Structures are given as structure tokens and as C-alpha cells.
Amino acid sequence: MAAVVSVEGLRKRYRFRDPWAVNYVSFELQPGQAFGLLGPNGSGKTSVVKMIAGLLRPDEGKISLFGEPPGNPKARANLGFAPEDPDFPKFLRAGEVLDYFASLLGLDEGERKRRIPETLAFAGLDKERRQVRQYSKGMKQRLGIAQAILGRPKLLILDEPTADLDPLGRRDVRALIESLKASGVAVLLNSHLLSEVELVCDTVAILGKGRVLKEGTMAEVVPEGKTLEDVFVELINEAFPQKRDNLPTFITDVENK
């Protein structure tokens, strides 16, 4: 079975003297599979996601989407992308935002009338009449996911999809991912919420300072008796030892109390 996404030897840095933000990252994502891209802040996750989505150019390495380069119109037509902090025109309402994206997708009037109400209902925004400027961060996150699935993508990229969602919203996103997997859609999930990743992902890659520290199926990465968070913390502490209990002296100094 041909890979939906193939990343080989990917490298990226933003200035010549900077360290590599992404350093020889390689992995594959198959149809019907959810892949978790994990790592602490600054590990290169979002840079990898943006290069796959065609928003950044790699300095070295190869990316293939459905056998095509990321910028290819055929590859882009099969891609849905929900960014970490979505930003929409503040004067529009949810239905108007989706109608705009539907026009970019080339959907005819019949498809718009069918898909937009169903997508708004999934996102919990079907009864929302306010403009986007009055939305909370969680509502914007829901709208971002809604626009990402509107075109029935074969690859859905979710960048921190549940970061600002309440427990019900996180449950809905998990159910969406499971449904998409069952229908053969590949999902690339970039998240700090490791408990969520552990519930839905088949394979994971843990990044640290731009390089892959460990990659494999969930069973290969997480041994019995441990959680994904246990493995994550151990890997990061081993690769990048750092004292984390150095509280300011004015807090720990009893004499100052």
C-alpha cells in the first residue's frame, strides 16, 4: 500500500547560524492510520507540519503527498489542515467562513447546502449567530477543524486540535479521528496532550531539538506498565538533562517568610 505521506531526511533552519529546527526527520503515514508527532516546545513539530502542508520549504530532504510534492494541486486537493491558532475574518459568521472555504474547494451549491450545515453541527456551531470576533479560543478551534474536514480530505493534519477544547470537544475530536480512520483517511496529529494521542494514534514519533528520539507503533514505543507520558518524559530527560526544580530563592528561602 502506497504511503499517504513520506518524509525522508527532512532538514530546516530559519537562519544560517541557527541550529537545525528540523534535523534529518523521516517517517511514513499510511491510509487509515493516525500518526502522532510529539515533542516539547521548540522540538520542530510545527515546522514539520508546515513543510508537509506546503507552507514552508525544506532546506534538505524529500516530502511526498500521495506520490506528489506538497505544492502539487492534486496533493493539495486531498489535504485538510487545521492550524494550531486559526485566524478567520472577524466580521464573518461560522456559516460564511465555511461558505468561503467551500468556494475555494470548488464545491457546487448543492454540495455546500449539504456539507456546511452538517459540518457546523459537528463543530457545535450550528446555532451560533455571532461574528468570529466574539468567539472564544475554543470556538475558533472548532471552526478551524470544521473547515479542515469540509473537503473530505484523504489526509487530515491537526496541529494541537484539542488545546483549547473542553472535555466534550476533545471527545468529539477523538470520535472524528476514529471515524476518519475507519473510512481510510490518514490523520497527522501534532499535540502536547499525550493522553489524547495515546487514545487515538497508531504510531508516534517523539522529537527533541529537531531530531527523532523514538518512532514506531504505540506498542513498540510504550512498553506494558507505562504510559506515553512516562516514555516521553524519560526520553526528553535522558537526551537533554536539565534541572527542573530550581525555584527562585525568594520562594524557597524560609528566613524571608
Side-chain angles (χ1 to χ4, degrees), residues 1-14 18-39 42-84 86 101 104-106 144-145 147-161 176-191 197 200-221:
M1 186 180 296
V4 172
V5 180
S6 177
V7 174
E8 183 179 346
L10 200 61
R11 302 186 88 194
K12 177 69 180 179
R13 61 182 170 191
Y14 293 93
D18 286 351
W20 292 98
V22 178
N23 198 7
Y24 291 119
V25 169
S26 300
F27 62 85
E28 285 191 348
L29 176 56
Q30 304 294 331
Q33 184 183 68
F35 186 95
L37 196 60
L38 314 177
S43 61
K45 305 186 305 297
T46 297
S47 294
V48 172
V49 164
K50 287 183 176 179
M51 285 187 280
I52 292 173
L55 302 176
L56 277 179
R57 288 181 178 272
D59 294 322
E60 297 179 26
K62 293 171 59 178
I63 302 173
S64 172
L65 293 183
F66 309 101
E68 305 286 348
N72 182 277
K74 179 182 176 183
R76 189 171 292 173
N78 288 310
L79 170 67
F81 178 44
E84 178 180 0
F101 279 97
L104 296 180
L105 291 166
I145 295 171
Q147 66 80 23
I149 66 173
L150 188 62
R152 287 193 307 199
K154 294 180 180 177
L155 168 64
L156 180 62
I157 299 178
L158 300 174
D159 194 2
E160 296 290 355
L176 169 68
I177 291 172
E178 292 294 349
S179 297
L180 291 171
K181 286 166 55 179
S183 64
V185 175
V187 180
L188 178 59
L189 181 64
N190 169 15
S191 178
V197 172
V200 298
C201 286
D202 306 290
T203 58
V204 293
I206 299 175
L207 273 62
K209 294 188 178 180
R211 58 188 178 90
V212 176
L213 303 179
K214 195 163 190 177
E215 190 256 332
T217 66
M218 196 64 72
E220 292 169 341
V221 171

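Nothing here was measured: the structure is a model prediction, and the numbers come from that model.
Arg13 is linked by a salt bridge (charged side-chain N to carboxylate O under 4.0 Å, His left out) to nothing, counting only residues two or more places apart in sequence or in another chain. Residues passing the ring-ring contact (aromatic ring centres under 6.0 Å, His included) test with Phe81: none are found, sequence neighbours excluded. For Asp59, the side-chain hydrogen bond (donor to acceptor under 3.5 Å, both in side chains) test picks out no residue, with sequence neighbours left out. For Arg152, the side chain to side chain contact (heavy atoms under 4.5 Å, CB included) partners at least two apart in sequence or on another chain are Arg114, Arg115.
Using modelled atom types, no side-chain atom of Ser47 and backbone atom of Val22 make a donor-acceptor pair closer than 3.5 Å. Of the possible donor and acceptor atoms, none in the side chain of Ser6 sits under 3.5 Å from a partner among the backbone N and O of Ala3. Side-chain atoms of Lys45 come within 3.5 Å of backbone N or O of Gly39 as a donor-acceptor pair.
Within the 4.5 Å cutoff, the side chain of Val185 has no heavy atoms near those of the Lys154 side chain. When side chains are defined from C-beta on, Gln30 does not count as touching Val4, because their heavy atoms never get closer than 4.5 Å. When side chains are defined from C-beta on, Ile149 counts as touching Leu176, because their heavy atoms get closer than 4.5 Å. When side chains are defined from C-beta on, Tyr24 does not count as touching Arg211, because their heavy atoms never get closer than 4.5 Å. In this structure the side chain of Val5 never reaches within 4.5 angstrom of the side chain of Leu188, judged on heavy atoms. At a threshold of 4.5 Å between non-hydrogen side-chain atoms, the residues Val48 and Phe27 count as touching. Looking at Lys209 and Pro19, their side chains never come closer than 4.5 Å, going by heavy atoms from C-beta outward. Side-chain contact between Met218 and Thr203 is absent, with no heavy-atom pair separated by less than 4.5 Å.
Nearest heavy-atom pair across Ala205 and Phe35 is CB-CZ, 3.6 Å. For the pair Pro83 and Gln147, the tightest heavy-atom approach, listed with the atom from each and the gap, is CD-NE2, 4.2 Å. Of all heavy-atom pairs spanning Pro153 and Gly80, the tightest one is CB-N, 3.4 Å. Listed here is the closest heavy atom pair of Ala82 and Gly144: CB-O, 3.7 Å. Between Ala186 and Pro31, the shortest heavy-atom contact is CB-CA, 4.4 Å. When every heavy atom of Glu220 is checked against every heavy atom of Gly216, the shortest pair comes out as OE1-CA, 3.4 Å.
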Test log, rule side-chain contact (heavy atoms from CB on, under 4.5 Å), inputs Glu215 and Val221: CA-CA 7 Å; Glu215 190 256 332; Val221 171; 6.0 Å; no
Apply side-chain contact (heavy atoms from CB on, under 4.5 Å) to the pair Ile157 and Leu155, showing each step before the final yes or no. CA-CA 7 Å; Ile157 299 178; Leu155 168 64; 4.2 Å; yes
Glu160 and Asn190: side-chain contact (heavy atoms from CB on, under 4.5 Å), yes or no, with the steps? CA-CA 5 Å; Glu160 296 290 355; Asn190 169 15; 4.2 Å; yes
Ile177 vs Leu156, side-chain contact (heavy atoms from CB on, under 4.5 Å): CA-CA, chis, key distance, verdict: CA-CA 9 Å; Ile177 291 172; Leu156 180 62; 5.8 Å; no
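Tested against Val204, the residues Leu37, Leu189, Leu38, Thr217 include a single side-chain contact (heavy atoms from CB on, under 4.5 Å) partner, Leu38.
Within the structure, every pair that satisfies the salt bridge (charged side-chain N to carboxylate O under 4.0 Å, His left out) test and touches residues 179-191, not counting sequence neighbours, is listed here: Glu178-Lys181, Lys181-Asp202.
In Lys12, the NZ atom is crowded: over 12 heavy atoms of neighbouring residues, nucleotides or ligands sit closer than 6.0 Å.
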Scan the side chains in residues 66-79 for donor-acceptor partners under 3.5 Å anywhere in the protein, sequence neighbours excluded, and list what turns up.
from  : atom 1 : to    : atom 2 : distance (Å)
Glu68 : OE1    : Asn72 : ND2    : 3.4
Asn72 : OD1    : Lys74 : N      : 2.8
Asn72 : OD1    : Ala75 : N      : 3.4
Asn78 : ND2    : Lys74 : O      : 3.2

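Here the CD atom belonging to Glu8 is positioned 12.5 Å from the CD atom belonging to Glu60, to the nearest 0.5 angstrom.
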